[in-house]
Amino acid sequence: MGMTTGSAGRGIGALSKRTGCNIETIRYYERIGLLPPPTRSDGGHRLYGDAQSRRLGFIRRTRELGFTLDQVRTLLKLVDGGRYTCAQVKRITVHHLDEVRRKVADLRKIERVLAEMAAQCDGGTVPKCPVIDALFDQALGGVDEPPGSPSTRAGSRSPRGPSRAPGT
């Protein structure tokens, strides 16, 4: 079993370099069952072949695209069973795409709120800051309520909100 060359004899360090995947991550994927246990050399070293390298590449790519470990596991089970359909893979992908779109929408809201908060600040040296005031005000209003919006100007409150002493 002492294969150290060819497609069945790549050590974990070589696999790591070839795939760009951290050694600890490779071990983690083995522990959680995404990568099957590798064969071992006579000296007990892990030996990886082309199939493990290809599988690790698949895992890395799916993770780069934001698939969860559970989604990756599901995709691999479909492949391992050899009886998957394109429709099954599409369903998982479309579900993930919907999640990504929700996150993008949330990030756009965050971007808008941060841009509006930053635009209200003149960068002066006084201890009063509209960004800090807006962050205190937003703690109750949520991301959907940017500073200076009609709901944050409602009532007797000024657009900057009440002044706060440091630490309050």
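We use all heavy atoms of the structure for the numbers below, so side chains are in, but hydrogens, waters and symmetry mates are not.
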> Which residues pass the ring pair (Phe, Tyr, Trp, His ring centres under 6.0 Å) test with Tyr29, sequence neighbours left out?
Replying inline: none
>> What verdict does the salt bridge (Lys or Arg N to Asp or Glu O under 4.0 Å) test give for Lys103 and Asp106, after you've listed the backbone C-alpha separation in whole Å, the side-chain angles of each residue and the deciding distance to 0.1 Å?
In response: CA-CA 5 Å; Lys103 289 176 185 177; Asp106 288 344; over 6 Å; no
> Are Val89 and Val100 linked, directly or through other ILVMFWY residues, by side chains that come within less than 4.5 angstrom of each other?
Replying inline: no
>> Using the side chain to side chain donor-acceptor pair (under 3.5 Å) criterion, which residues pair with Asp122? Sequence neighbours excluded.
In response: none
> Where do Leu47 and Gln52 come nearest, in terms of heavy atoms and distance?
Replying inline: O-NE2, 4.4 Å
Please tabulate, for side-chain N and O atoms in residues 77-84, each donor-acceptor pair with protein atoms closer than 3.5 Å (sequence neighbours left out).
unit_1 : atom_1 : unit_2 : atom_2 : d
Asp80  : OD1    : Arg55  : NH1    : 2.8
Asp80  : OD2    : Arg55  : NH1    : 3.4
Asp80  : OD2    : Arg55  : NH2    : 2.9

>> Going by side-chain contact (heavy atoms from CB on, under 4.5 Å), name the residues that satisfy it together with Arg108, two or more places apart in sequence or in a different chain.
In response: Val104
> Are Leu97 and Leu75 connected in the hydrophobic side-chain network, where two residues link if heavy atoms are under 4.5 Å apart?
Replying inline: no
>> Under the rule for ring pair (Phe, Tyr, Trp, His ring centres under 6.0 Å), what residues qualify as partners of His45, not counting sequence neighbours?
In response: none
>> So, using salt bridge (charged side-chain N to carboxylate O under 4.0 Å, His left out) as the criterion, who are the partners of Glu99 when residues are at least two apart?
In response: none
> What pairs of residues pass the salt bridge (Lys or Arg N to Asp or Glu O under 4.0 Å) test when at least one of them lies in residues 26-39, not counting sequence neighbours?
Replying inline: Glu24-Arg27, Glu30-Arg46
> Is there any ring-ring contact (aromatic ring centres under 6.0 Å, His included) pair reaching into residues 53-79, and which pairs are they, with sequence neighbours excluded?
Replying inline: Phe67-His96
> Which residues pass the side-chain contact (heavy atoms from CB on, under 4.5 Å) test with Ser53, sequence neighbours left out?
Replying inline: Arg10, Leu15, Arg18, Thr19
> For Arg61, which residues count as a side-chain contact (heavy atoms from CB on, under 4.5 Å) partner, sequence neighbours excluded?
Replying inline: Glu64, Leu65
>> Going by the rule side chain to side chain donor-acceptor pair (under 3.5 Å), which residues pair with Arg54 if we only count those two or more places apart in sequence or in a different chain?
In response: none
>> Going by the rule side chain to side chain donor-acceptor pair (under 3.5 Å), which residues pair with Thr68 if we only count those two or more places apart in sequence or in a different chain?
In response: Gln71
>> Rounded at 0.5 Å granularity, tell me how far CD1 in Ile26 sits from CG in Leu35.
In response: 7.5 Å
> What are the two closest non-hydrogen atoms of Pro130 and Cys121, and how far apart are they?
Replying inline: CG-CA, 3.6 Å
>> Testing the basics here: between Ser16 and Cys21, what is the closest heavy-atom pair and its distance to 0.1 Å?
In response: OG-O, 2.6 Å
